[in-house]
Amino acid sequence: MTKILDDEIDDLDEPLSLEDDNDEVGESSSSDQTPVVRDYTTRRVLVWEEDDERCGITVEVLSDLLVGAYVKGVKTESEALALLEADEWDTFVVDFYTEGVSVSEFIKRVNNYPDAILVAIAMSPLKLLEEREPAKLESLRRLFDFEKNSNAPIRG
């Protein structure tokens, strides 16, 4: 028993090769940065943002991010409710920092909307040039990835 432990301790004393570690890191980081082609042509995204400029920027960023998706922005809750009733949507985007949004009738209805997701993001810091950085785009894009009609648990 002592012999086995001594051998394992001796193995720990051997210097680690930085070259081997860098190869592994380089491989994973380069594959993480490779853009994956995704098809969003069936996606319908409704954005509710009262500020014209933020709504426009959010719609533009999401349209660039979710290539092929139909992204519609509205300024008022009444417009959002009307579109909720008139069309089928699979994704809703709101800013919970906007007063009254989290307790609105729209959010109550969206929470009961079948097979849809609600994405709450702070729209005020969205800036077109910054949001086109690959790292930011990937983290934002992940909020919109889901499988329709899936019984998978909701991800936090």
Side-chain angles (χ1 to χ4, degrees), residues 16 18-156:
L16 296 174
L18 292 177
E19 189 173 295
D20 293 340
D21 290 344
N22 287 339
D23 287 346
E24 290 175 17
V25 171
E27 288 174 13
S28 65
S29 64
S30 66
S31 65
D32 290 345
Q33 293 178 3
T34 305
V36 177
V37 177
R38 292 177 173 82
D39 180 16
Y40 293 104
T41 54
T42 61
R43 298 294 296 275
R44 295 185 51 83
V45 181
L46 179 58
V47 177
W48 171 27
E49 170 54 53
E50 294 176 353
D51 182 270
D52 279 335
E53 183 179 3
R54 285 189 295 208
C55 185
I57 289 172
T58 302
V59 167
E60 187 171 339
V61 167
L62 294 181
S63 295
D64 289 350
L65 184 67
L66 308 172
V67 177
Y70 176 73
V71 182
K72 173 75 174 164
V74 296
K75 284 182 37 175
T76 66
E77 181 181 14
S78 60
E79 288 176 294
L81 287 169
L83 285 175
L84 184 63
E85 296 297 324
D87 291 319
E88 291 291 320
W89 303 93
D90 56 50
T91 308
F92 303 95
V93 180
V94 297
D95 185 343
F96 279 159
Y97 287 116
T98 302
E99 188 176 328
V101 169
S102 63
V103 295
S104 67
E105 182 63 27
F106 177 74
I107 296 300
K108 291 175 188 173
R109 290 191 192 174
V110 164
N111 282 330
N112 293 313
Y113 204 84
D115 298 323
I117 62 169
L118 173 63
V119 177
I121 58 176
M123 295 183 207
S124 60
L126 286 181
K127 295 188 179 21
L128 290 176
L129 293 177
E130 290 176 10
E131 295 309 319
R132 290 193 169 105
E133 293 176 20
K136 282 191 174 187
L137 284 175
E138 182 59 21
S139 61
L140 182 59
R141 187 204 47 77
R142 287 182 182 181
L143 294 173
F144 294 88
D145 282 351
F146 76 103
E147 294 294 323
K148 281 185 160 185
N149 301 318
S150 159
N151 290 329
I154 296 174
R155 295 175 287 164

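Excluded from the calculations below are hydrogen atoms, water molecules and symmetry mates; all remaining heavy atoms, backbone and side chain alike, are included.
Applying the 6.0 Å contact sphere to CD of E53 captures no more than 12 heavy atoms from other residues, nucleotides or ligands.
Side-chain contact between L118 and F96 is present, with heavy atoms from C-beta onward closer than 4.5 Å. Taking the side chain as every heavy atom from C-beta outward, L46 and F106 approach each other to under 4.5 Å. Side-chain atoms of D95 and V101, non-hydrogen and from C-beta on, never get closer than 4.5 Å to each other. Looking at heavy atoms from C-beta onward, L62 lies in side-chain contact with L65 at the 4.5 angstrom threshold. V93 is listed as a side-chain neighbour of F144, based on a closest heavy-atom distance under 4.5 Å.
A side-chain contact (heavy atoms from CB on, under 4.5 Å) with F92 is found for one member of I117, L84, N111, I107 and no other, namely L84.
Looking only at distances, no side-chain donor or acceptor of E49 sits under 3.5 Å from a matching main-chain atom of G73.
Take E85 and apply the salt bridge (Lys or Arg N to Asp or Glu O under 4.0 Å) test, not counting sequence neighbours, and it matches R109. Applying the side chain to side chain contact (heavy atoms under 4.5 Å, CB included) criterion to Y70, with sequence neighbours excluded, gives R44, K72, W89.
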